There are 2 protein chains.
Amino acid sequence: MVVDDEKDILQIVKYNLELHGYEVETAENGVDAITKLGIFKPDLVLLDIMMPHKDGIQTCIEIRANPDFDDTIIIFLTALSDEKSEIRGLELGADDYIAKPIKPKLLVSRVHSAFRRITEDDSSVIIFPDLEINREKFLVVHKGKEVSLPRKEFELFSLLASKPGRVFLRNEILDKVWGNEVIVGDRTIDVHVRKIRQKLNADFISTVKGVGYKFQN
Amino acid sequence: MVVDDEKDILQIVKYNLELHGYEVETAENGVDAITKLGIFKPDLVLLDIMMPHKDGIQTCIEIRANPDFDDTIIIFLTALSDEKSEIRGLELGADDYIAKPIKPKLLVSRVHSAFRRITEDDSSVIIFPDLEINREKFLVVHKGKEVSLPRKEFELFSLLASKPGRVFLRNEILDKVWGNEVIVGDRTIDVHVRKIRQKLNADFISTVKGVGYKFQN
DNA sequence: ATACAACTTAACAATTTCGTAATCCCCAAA
DNA sequence: TTTGGGGATTACGAAATTGTTAAGTTGTAT
């Protein structure tokens, strides 16, 4: 949902976001926004600060006060002059701000990142067809069968599975599974990968030579 | 790197950024800046517009003309009166601007976001019709078909594709794909190009005789 | 103490990726 | 037409990276 009192801006923003596959609703002031928020339950609100009938700051406070919208992303649209507001906005629970005049590429890129951020939830259970990784129980369920992996193997596997398809560099893996201080040989990773492949006899992990490993379902 | 002819400002900016863990170098005019830029290779340049010995605008143009600094963020420091310059600055490839008088909190907050932007938006996916290059997954998708290229080939290809149309000199390619230390023969590049063309049987890479290669969609 | 699982490492095998040389082609200038 | 300067191809050995196995290490429950 885009909230701004200038129709030109609503139109520009709406057009550009729709071009990238987003569904966009608009509102022309804070009061309007609050009303429509309940109806459309948007994932993200682009909120102008200077508006008649309840400004952006006030609107933001009200949105944040309602637990129903805890997961709603708020991004401020700020005119050059509202310097203080920008900072204040971030303190009030906004997630980002975009300076006017709006540059379409930047707008889209910011919105993308905002969504990316919330999608990267480290929910404790990662689910795929035939495979479920439960971080809390330290358990992998593969085709209905529980497989329990030792700590390092589990951490390595769940790291890879946390972003299917994405290649993790060996260094990255060492950092995240072993930590920065510990120094282990290079073959260590391979050996763990081997054991995982062996225990879930299905090749979820694929090698990218010279780069690292990735999870591939 | 902070560039400004007023020492007071250099000091204020330096102090505040160092307080937040940034490493700060200073320069007092455009000429000085260009020189030091080559030495320190800063991630971000805060550039005053009104300066003797080459103003900020001119300096910005020169920085942007050098591919070595493609990834360098430029933020202008503008006196309130240079409104027109601000807009012009953004058109010249600056990433943001901060109005003087400088307010420390705002300064730091802008610098933070600028860094956040490059780390996040370093859009790991380059998209063209029928072609998608996913740096994160180390994967090229051509007409819906996944093609996985070996490391050097991938890096070479994604380098070229990162700036469609721009010609990369052979030297430049060697630098960016192989690194400065490694020395390999000239024919090596050709061979890799060949393999890429072969694997994506479509000619995305075009040769510029006596100069280098470029990506052409 | 003993047994055992988890983790590392070493050593060697198996692959894949790289770099180069040799040769072929193309095109433009002479 | 010739000729010469790139560039394109090809094939192959060297180098780099992984896979695999087995043998230590360490820590912990029995």
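As the structure is a computational prediction, the values presented were derived from the model and not from experiment. Chain letters run A, B, ... following the sequence lines, proteins first, then strands; residues in each count from 1.
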Residues, nucleotides or ligands: over 12 heavy atoms within 6.0 Å of B/Y15 OH: no
B/Y213 side-chain N/O to D/dG6 phosphate OP1/OP2 under 4.0 Å: no
Integer-rounded Å distance: C/dA14 C1' and A/D190 CG: 13 Å
Under-4.0 Å side-chain N/O to phosphate OP1/OP2 contact, A/T188 with C/dT8: no
Net bend of the helix from C/dA1-D/dT30 to C/dA30-D/dT1, end axes of five pairs each, nearest 10 degrees: 10°
Atom-to-atom span, CG of A/L156 to P of C/dC7 - whole angstrom: 11 Å
Earlier contact from the 5' end, DNA chain C, for B/K199 and B/V184: B/K199
Phosphate OP1/OP2 of C/dT8: any A/H192 side-chain N/O under 4.0 Å: yes
Derivation of the salt bridge (charged side-chain N to carboxylate O under 4.0 Å, His left out) call for A/E146 and A/K137: CA-CA 11 Å; A/E146 292 192 352; A/K137 298 183 180 173; over 6 Å; no
Among C/dA6, C/dT17, D/dG19, the nucleotide that comes nearest once only the side chain of A/T207 is considered: D/dG19
Atom-pair distance (CD1 on B/I196; P on C/dC18), nearest Å: 10 Å
Donor-acceptor pair (no angle test) under 3.5 Å: A/K209 side chain, C/dT17 base: no
Residues A/Y22 and A/N16: side-chain donor-acceptor under 3.5 angstrom: no
Under-4.0 Å side-chain N/O to phosphate OP1/OP2 contact, A/R170 with D/dT18: yes
Whichever of B/Q198 and B/D186 has its nearest DNA chain D nucleotide further upstream toward 5': B/D186
Distance in angstrom units between B/F138 CZ and C/dT16 P, rounded: 17 Å
Other residues, nucleotides, ligands: >12 heavy atoms within 6.0 Å of A/E18 CD: yes
Value in whole Å for how far the P atom of C/dT9 lies from CD1 of A/I183: 10 Å
Atom pair distance, as rounded to whole Å: NZ in A/K152 and P in D/dT26: 16 Å
Contact under 4.0 Å: B/W178 side-chain N or O vs C/dC18 OP1/OP2: no
Nearest-Å distance for atom pair CZ/P, residues A/R187 and D/dA16: 14 Å
Pairing of A/E153 and A/K199 as salt bridge, 4.0 angstrom limit: yes
N/O donor-acceptor pair under 3.5 Å between B/R64 side chain and B/F69 backbone: yes
Sugar-phosphate, base or nothing in reach of A/V191, heavy atoms under 4.0 Å: base
Sugar-phosphate, base or nothing in reach of B/V182, heavy atoms under 4.0 Å: nothing
Nucleotide D/dT17, atom P - distance to CD1 of A/I189 in whole Å: 13 Å
Any A/R194 side-chain nitrogen or oxygen under 4.0 Å from OP1 or OP2 of D/dT21: yes
Under-4.0 Å side-chain N/O to phosphate OP1/OP2 contact, A/R197 with D/dG19: yes
Parallel, tilted or perpendicular, as decided by the 30° and 60° cut-offs, for the rings of A/H192 and A/W178: perpendicular
More than 12 heavy atoms from other groups under 6.0 Å of CD1 on B/I39: yes
